[in-house]
Student: 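Shown below is the structure under consideration.
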Amino acid sequence: MTQSSVDQAYLAKRQLRKGTAGWLLLAGLGVSYVISGDFAGWNFGIAEAGWGGFAIAACLMALMYLALVLSLAEMSAAIPAAGGGYSFARQAMGPAGGYLTGLAVLIEYALAPAAIVIFIGSAVEALTGLDGPLVYLLFYAAFIGIHLAGVGEALKVMMVISGLAVFAILATAVALIGSFDADNLFDIAPTDAAGASTFMPYGWYGIWAALPFGMWLFLAVEGVPLAAEEAKDPARDMPRGIIVAMLFLLFTALLVVVLLAGAAGAEMIGQSGVPLVDALNATGNPTLATLVNVLGLAGLIASFFSIIYGYSRLVFALSRAGYLPKKLSLTSRRKVPYLALIVPGIFGFLASLSGEGDLILAMAVVGATLSYALMALSHILLRLKRPDLPRPYKTPGGIVTSSIALVLALVALTGVYAFDPRAFNYTIVLFIIGAAYYFLYSKNKLVAKTAEEEFALVIAEPDVTPATPEPAISGAKP
């Protein structure tokens with residue numbers, strides 16, 4: 001496609017800094033998205049299903065994420081655009097399918113920081129006595145400010161914060177190994193629920209209701225492809241980065257799920273607001289417990305910080321394509337989409353004022369599961385409709401792998417309803433409102449008519465050199 005001068009000028013104001021992130025930074029980004037989930041939240045799944053029931057739920061969700069990540073690895077190498085799931089879906093399902101996928105991801109990524117900052121406020125209160133809107137505002141302002149300094153600087157700060165959180169998890173695991181007793185995993189008495197046993201005391205229904213908590217161990221790792229346009233070598237770095245992140249998260253999930261309940265007892269861990277800290281205190285490690293309590297804040301901050309990055313790149317991509325107001329994709333001299341960072345941050349801060357952290361996070365999970373189903377479907381459709389698309393990395397198992405992700409994502413979506421119908425209904429209403437915005441307004445504002453045109457614009461380097469004026473025609477007015 002031949003770009004017009006309007007296209008050149010338009011894209012010149014909407015450029016990210018290419019070549020900033022190698023595979024190691026991308027893997028760190030993936031871990032950073034998720035790491036707060038290892039510190040708290042997942043453990044309430046034990047209260048829903050018992051340890052064995054939750055272990056089944058967590059394994060199902062681990063399989064879903066692994067299948068999804070392998071599918072995303074292929075698509076992100078073939079279509080290295082900042083929209084991530086939105087970009088893949090537009091290629092596979094057209095502008096409407098692309099937008100609806102992007103909308104689902106946006107619901108997840110816009111709401112998750114609002115929930116996390118509420119949890120950060122609680123952690124800050126435990127340490128300093130301060131909490132509430134002022135704390136939320138300070139964290140939003142500080143970390144959006146770091147992102148405004150530039151992506152390279154932001155990702156390096158993120159790696160340091162994530163490293164502290166990972167250290168806390170590994171140190172906890174080492175301290176608890178000596179106290180592990182398999183009998184502690186099954187200290188919840190069986191109920192009279194269908195299928196109940198010592199292994200899964202709340203029966204089959206408990207496993208279903210625990211699925212959303214199994215997701216918390218991996219939630220948001222799918223955001224790595226949002227950094228595709230800033231990767232050094234997308235074809236090589238994107239698959240390696242997201243797969244390494246997923247494998248590391250499987251390792252940390254195994255550590256916390258097995259060792260915490262095995263050392264301190266499933267019943268206690270299932271009720272704990274700070275399971276790592278309570279497990280250490282219960283096994284006689286109070287000094288380390290205090291350190292982990294402090295570093296747990298680093299885990300929350302790491303996820304808060306990285307998901308802000310994620311939503312900014314998604315809003316940037318949707319805005320650049322014309323789905324959202326085009327001003328949101330303007331970038332600064334540092335190649336940072338400043339309005340895409342600030343505007344959703346304002347909305348997130350306003351949402352955080354509700355104080356409903358658990359509800360907001362459950363709504364984010366609904367958005368996530370919707371997006372997973374649509375992204376997995378995109379992989380299947382791209383394999384069927386675009387077999388000639390260059391694929392530097394190919395998903396092992398092909399569409400069988402992405403079909404597993406699709407089925408499990410739909411099952412997980414029903415699990416959110418089983419646990420919290422209110423969050424499910426609120427999110428569906430939000431999704432319908434967002435869809436109406438597209439069908440009633442923005443579908444007529446798209447910059448490119450087809451996915452191919454849009455991708456050609458994205459990967460092309462805009463010529464920002466002023467055009468040489470044509471000579472005046474004799475007799476024409478000056």
Side-chain angles (χ1 to χ4, degrees), residues 33-34 37 57 60-61 63-65 67-69 71-72 75 83-115 208-209 211-216 218-226 307 310-311 314-315 317-318 323-324 344 347 351 359-382 402-439 442:
Y33 278 135
V34 181
L60 288 172
M61 293 299 91
L63 177 61
M64 178 189 74
Y65 274 98
L68 180 66
V69 159
S71 303
L72 291 174
M75 294 188 290
Y86 144 71
S87 299
F88 313 148
R90 182 165 187 186
Q91 291 274 346
M93 297 184 283
Y99 174 77
L100 293 177
T101 303
L103 175 62
V105 180
L106 184 57
I107 289 172
E108 175 192 0
Y109 274 65
L111 290 179
W208 187 34
L211 290 174
F213 299 98
M215 289 178 61
W216 289 6
F218 312 103
L219 184 69
V221 68
E222 75 281 357
V224 174
L226 292 167
I307 295 175
Y311 78 55
L314 177 60
V315 170
L318 290 171
Y323 290 101
L324 298 179
F347 283 107
L359 173 64
I360 295 172
L361 191 55
M363 291 175 65
V365 171
V366 177
T369 50
L370 281 172
S371 74
Y372 299 163
L374 291 168
M375 286 189 284
L377 180 60
S378 297
H379 181 270
I380 295 169
L381 292 176
L382 283 171
S402 45
S403 296
I404 292 171
L406 172 59
V407 171
L408 288 175
L410 293 175
V411 172
L413 181 60
T414 66
V416 181
Y417 183 82
F419 169 68
D420 192 343
R422 186 174 59 141
F424 183 90
N425 293 331
Y426 284 173
T427 311
I428 296 302
V429 169
L430 199 59
F431 190 77
I432 291 171
I433 292 171
Y437 171 80
Y438 168 75
F439 288 107
S442 72

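Keep in mind the model is a prediction, meaning the values are calculated, not measured.
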Student: In Å and rounded to the nearest 0.5 Å, what is the OG to CE distance from Ser378 to Met93?
Tutor: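 It comes to 3.5 Å.
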
Student: Which residue in the set Val34, Val69, Leu72 passes side-chain contact (heavy atoms from CB on, under 4.5 Å) when paired with Glu222?
Tutor: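 Between Glu222 and the candidates, side-chain contact (heavy atoms from CB on, under 4.5 Å) is satisfied uniquely by Leu72.
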
Student: Are Tyr372 and Leu410 side-chain neighbours, meaning at least one heavy-atom pair lies under 4.5 Å?
Tutor: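 They are not in contact (no side-chain heavy atoms under 4.5 Å apart), so the answer is no.
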
Student: Asn425 versus Tyr417: any side-chain heavy-atom pair under 4.5 Å?
Tutor: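 Result yes, sub-4.5 Å side-chain heavy-atom pair found.
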
Student: So, for Ser402 and His379, which heavy atoms are closest and what is the spacing to 0.1 Å?
Tutor: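 Closest approach of Ser402 to His379: OG-ND1, 2.8 Å.
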
Student: Restricting to pairs with a member in residues 100-112, which pass side chain to side chain donor-acceptor pair (under 3.5 Å), not counting sequence neighbours?
Tutor: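 Counting only pairs at least two positions apart or across chains, no side chain to side chain donor-acceptor pair (under 3.5 Å) contact touches residues 100-112.
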
Student: Quick one, Pro225 and Phe88 - any side-chain contact, counting heavy atoms below 4.5 Å?
Tutor: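 Result yes, sub-4.5 Å side-chain heavy-atom pair found.
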
Student: If I compare all heavy atoms of Val416 with all of Ala362, which pair ends up nearest, and what's the gap?
Tutor: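 Taking every non-hydrogen atom into account, CG1-O, 4.1 Å.
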
Student: Please round to the nearest 0.5 Å and tell me the distance separating atom CG of Leu314 and atom CD1 of Ile307.
Tutor: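 Going from CG on Leu314 over to CD1 on Ile307, the span is 12.5 Å.
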
Student: So which heavy atom on Ala423 is nearest to which on Val366, and how close?
Tutor: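 Taking every non-hydrogen atom into account, O-CG2, 4.2 Å.
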
Student: Would a 4.5 Å heavy-atom cut-off, applied to side chains only, mark Leu226 and Tyr311 as touching?
Tutor: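 Sidechains of Tyr311 and Leu226: no contact.
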
Student: Do you know the tightest heavy-atom contact between Leu370 and Ala104?
Tutor: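 So the minimum-distance heavy-atom pair works out to CB-CB, 4.0 Å.
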
Student: What distance do Leu219 atom CG and Thr369 atom OG1 have between them, rounded to the nearest 0.5 Å?
Tutor: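 Separation between the atoms: 9.5 Å.
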
Student: Is there a side-chain contact between Trp216 and Met61 in this structure, where contact means two heavy atoms from C-beta onward sitting under 4.5 Å apart?
Tutor: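 No, their side chains stay 4.5 Å or more apart.
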
Student: Counting only heavy atoms from other residues, nucleotides and ligands, does the tally under 6.0 Å from CZ of Phe347 exceed 12?
Tutor: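 Check fails, neighbour count at 12 or below.
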
Student: For this output row, return yes or no: ring centroids of Phe424 and Phe419 closer than 6.0 angstrom.
Tutor: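 When the ring centroids of Phe424 and Phe419 are compared, they turn out to be at least 6.0 Å apart.
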
Student: Give a yes or no on whether the backbone of Ile360 and the side-chain of Tyr426 come within a donor-acceptor separation of less than 3.5 Å.
Tutor: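 It does not hold such a pair.
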
Student: Can you name the closest pair of heavy atoms from Gly85 and Met375 and give their distance?
Tutor: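 Heavy atoms only, the tightest pair is CA-SD, 3.5 Å.
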
Student: With rounding to the nearest 0.5 Å, note down the distance linking CE in Met64 to CG in Leu406.
Tutor: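 One finds 11.0 Å between CE of Met64 and CG of Leu406.
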
Student: At their closest point, which heavy atom of Ser371 faces which heavy atom of Val105, and how far apart are they?
Tutor: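 Shortest heavy-atom separation between Ser371 and Val105 comes out as CB-CG2, 3.5 Å.
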
Student: Given side chains that start at C-beta, do those of Ser442 and Leu324 come closer than 4.5 Å, heavy atoms only?
Tutor: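 Side-chain contact under 4.5 Å: no.
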
Student: Nearest 0.5 angstrom please: Trp208 CH2 to Thr414 OG1, how far?
Tutor: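 It comes to 5.5 Å.
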
Student: Are side-chain heavy atoms of Tyr323 and Tyr437 found at a separation under 4.5 Å?
Tutor: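 Tyr323 vs Tyr437: side chains apart.
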
Student: Roughly how far, to the nearest 0.5 Å, is the CD1 atom of Ile404 from the CG atom of Leu60?
Tutor: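 So the gap between those two atoms works out to 11.5 Å.
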
